[in-house]
Amino acid sequence: MFELCGTELASRLLLGTARYPSPSVLAEAVRRSGTGIVTVSLRRETAGGRAGGAFFELIRDLGVRILPNTAGCHSVSEAVLTARMARDLFRTDWIKLELIGHHDTLQPDVFQLVEAARILADDGFEVFPYTTDDLVVGERLLYAGCRVLMPWCAPIGSAMGPQNLSPLRAMRAAFPEIPMIIDAGIGRPSHAATVMELGYDAVLLNTAVASAGDPAGMAEAFAGAIDAGRKAWLAGPLEPRDMAVPSTPVIGKGVFA
Ligand SMILES: CC(=O)[C@@H](O)[C@H](O)COP(=O)(O)O
């Protein structure tokens with residue numbers, strides 16, 4: 001089991017609910033992923049005119065915990081307002097805080113992110129901040145009251161997978177007691193396994209499953225990869241070396257002319 005902010009979870013996969021070809025495919029993907037948490041964008045769904053309707057009912061019926069997000073917010077005031085609306089609608093203090101700073105890369109605006117995180121944490125929210133792989137920003141978010149960190153590994157929806165492992169390793173090492181979830185940019189199950197092998201606690205992803213040829217099949221593949229990566233981390237993976245090391249001992253070996 002995995003404990004996240006007081007909640008026991010059987011799965012280390014958090015799944016987004018956008019971009020699925022149909023509600024039934026989404027429901028099947030959630031089921032086969034084994035996830036205990038789905039993210040929901042309040043703004044995206046209300047913009048589509050489905051607020052309070054079938055979509056939210058479907059999400060509630062999935063029987064998993066909802067992590068609303070502030071996707072599409074570009075300012076502190078917008079993000080704080082969206083988080084408060086989500087709290088009322090979904091009756092949860094959990095909020096995935098997304099504050100976008102750049103149109104092309106959807107890179108978080110880390111300055112506004114820290115400010116909004118402080119306001120929301122003071123207001124009783126459990127803030128899950130979508131951030132960069134910057135150690136100092138991570139530290140500021142913890143000072144602001146966050147109890148979990150969610151660094152990206154590549155831009156949202158890019159499917160590029162981990163672009164730079166060094167800062168991700170440094171962040172993991174700097175905050176050994178903090179639950180850390182890789183959020184965004186994962187494209188394949190092997191990417192998820194790679195970050196889990198670094199010791200990350202969980203992975204949040206959306207596009208790679210929702211846009212796959214068979215979303216439910218891909219959700220299951222991700223679940224297996226995340227599980228494998230976690231087991232590998234616990235088993236103590238070898239560090240790569242520059243030189244060859246014979247895996248078969250040669251001492252005492254017979255000599256054949
Ligand atoms: C669903 C959600 O919260 C996304 O904003 C998240 O960041 C996932 O990113 P990918 O779509 O790249 O997996």
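What you are looking at is a predicted structure, and each value in this text was computed from that prediction instead of being measured.
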Exercise. How would you list, by chain and number, every residue that makes a side chain to side chain contact (heavy atoms under 4.5 Å, CB included) with Ser22, sequence neighbours excluded?
Worked result: Ser24, Val25

Problem set entry | salt bridge (Lys or Arg N to Asp or Glu O under 4.0 Å) partners of Glu126, counting only residues at least two apart | Arg147

For this session: Could I get the full list of side chain to side chain contact (heavy atoms under 4.5 Å, CB included) partners for Leu142, not counting sequence neighbours?
Result: Leu149, Phe175, Ile178

For this session: Could you tell me which non-hydrogen atom of Pro215 sits nearest to which non-hydrogen atom of Pro21, and how far apart they are?
Result: CG-CD, 4.2 Å

Exercise. With distance as the sole test, does Thr17 use its side chain to make a donor-acceptor pair with the main-chain N or O of Thr39 at under 3.5 Å?
Worked result: yes

For this session: Please answer whether the main-chain N or O of Val110 pairs with a side-chain N or O of Gln112 as donor and acceptor at a distance below 3.5 Å.
Result: no

Problem set entry | Student check: side-chain heavy atoms of Pro108 and Leu99 closer than 4.5 Å | no

Exercise. Does Glu197 have any side-chain hydrogen bond (donor to acceptor under 3.5 Å, both in side chains) partners at least two apart in sequence or in another chain, and if so, which?
Worked result: none

For this session: Could you tell me the separation between the CG atom of Leu120 and the SG atom of Cys146, rounded to the nearest 0.5 Å?
Result: 9.0 Å

Exercise. Is it the case that one hydrophobic cluster holds both Leu204 and Leu62, taking links as side-chain heavy atoms less than 4.5 Å apart, direct or via other members?
Worked result: no

Exercise. Phe222 pairs by side-chain contact (heavy atoms from CB on, under 4.5 Å) with which of Val203, Thr35, Val209?
Worked result: Val209

Exercise. With sequence neighbours left out, which residue pairs that include part of residues 221-236 fulfil the side-chain hydrogen bond (donor to acceptor under 3.5 Å, both in side chains) condition?
Worked result: Asp227-Lys231

For this session: Can you see which heavy atom on Thr82 is nearest to which on Cys73, and at what distance?
Result: OG1-SG, 3.4 Å

Exercise. Are Ile186 and Met196 linked, directly or through other ILVMFWY residues, by side chains that come within less than 4.5 angstrom of each other?
Worked result: yes

For this session: Specify the closest pair of heavy atoms between Asp133 and Pro167, including all atoms of both residues, with the distance to one decimal.
Result: OD2-CG, 3.4 Å

For this session: Please identify each residue that fulfils ring pair (Phe, Tyr, Trp, His ring centres under 6.0 Å) with Tyr20, with sequence neighbours left out.
Result: none

Problem set entry | same_hphob_cluster(Met180, Val114) at 4.5 Å side-chain heavy-atom cutoff | yes

Problem set entry | Arg60: partners by salt bridge (Lys or Arg N to Asp or Glu O under 4.0 Å), with sequence neighbours left out | none

Exercise. Does Met150 share a hydrophobic cluster with Phe2, counting links as ILVMFWY side-chain heavy atoms below 4.5 Å and allowing steps through other members?
Worked result: yes

Exercise. Is a side-chain N or O of Tyr130 found less than 3.5 angstrom from the main chain of Ala71, in a donor-acceptor match?
Worked result: no

Exercise. Taking everything shown except Phe111 itself, do over 12 heavy atoms lie less than 6.0 Å from its CZ?
Worked result: no

Problem set entry | Residue pair Phe56 / Val40, side-chain heavy-atom distance below 4.5 Å | yes

Problem set entry | Under 3.5 Å: donor-acceptor pair, side chain of Thr70, backbone of Glu98 | yes

Problem set entry | Among Asp183, Val127, Leu14, the one residue meeting side-chain contact (heavy atoms from CB on, under 4.5 Å) with Lys96 | Asp183

Problem set entry | Hydrophobic cluster identity match, Ile37 and Val64, side-chain contacts under 4.5 Å | no

Problem set entry | Sequence neighbours excluded - side-chain hydrogen bond (donor to acceptor under 3.5 Å, both in side chains) pairs with any residue from residues 210-220 | Arg32-Glu220

For this session: Could you tell me which non-hydrogen atom of Arg12 sits nearest to which non-hydrogen atom of Met1, and how far apart they are?
Result: NH2-O, 4.1 Å

Problem set entry | Counterpart residues, salt bridge (Lys or Arg N to Asp or Glu O under 4.0 Å), relative to Arg87 (two or more places apart) | Asp93, Asp123

Exercise. With side chains defined as the heavy atoms from C-beta onward, is the minimum distance between Leu26 and Ile59 less than 4.5 Å?
Worked result: yes

For this session: Under the salt bridge (Lys or Arg N to Asp or Glu O under 4.0 Å) rule, collect the residues that match up with Asp134, sequence neighbours excluded.
Result: none

Problem set entry | pair Arg84-Asp88: side-chain heavy atoms closer than 4.5 Å | no

Exercise. Looking only at heavy atoms, which two atoms of Ile181 and Val148 are closest? And how far apart?
Worked result: CD1-CG2, 4.0 Å

Exercise. Is the backbone of Ile100 close enough, under 3.5 Å, to the side chain of His102 for a donor and an acceptor to pair up by distance?
Worked result: no

Seminar exercise, completed: In this structure, CG of Leu135 is separated from OG1 of Thr132 (nearest 0.5 Å) by 10.0 Å

For this session: Run the numbers on Leu113 and Arg140 for side chain to side chain contact (heavy atoms under 4.5 Å, CB included), then give the verdict.
Result: CA-CA 10 Å; Leu113 181 69; Arg140 297 289 158 92; over 6 Å; no

Exercise. Charged N to carboxylate O under 4.0 angstrom, Asp201 versus Arg172?
Worked result: yes

Exercise. With a 4.5 Å limit on heavy-atom distance, are the side chains of Ile66 and Pro68 in contact?
Worked result: yes

Exercise. What distance separates Arg118 CZ from Leu141 CG, expressed to the nearest 0.5 Å?
Worked result: 9.5 Å

Seminar exercise, completed: For Ala221, the side chain to side chain contact (heavy atoms under 4.5 Å, CB included) test, sequence neighbours excluded, returns Pro189, Met218

Problem set entry | Non-neighbouring partners of Arg188 that pass side-chain hydrogen bond (donor to acceptor under 3.5 Å, both in side chains), sequence neighbours left out | none

For this session: Test side chain to side chain contact (heavy atoms under 4.5 Å, CB included) on Phe90 and Ile95 and set out the steps.
Result: CA-CA 10 Å; Phe90 295 109; Ile95 190 74; over 6 Å; no

For this session: Could you tell me how the ring of Phe128 sits relative to the ring of Trp94: parallel (under 30°), tilted (30 to 60°) or perpendicular (over 60°)?
Result: tilted

Problem set entry | Atom pair OG (Ser33) and CG (Leu13), whose distance is rounded to the nearest 0.5 Å | 5.0 Å

Exercise. If every non-hydrogen atom of Ala121 is compared with every non-hydrogen atom of Ala144, which pair is closest and at what distance?
Worked result: CB-O, 3.5 Å

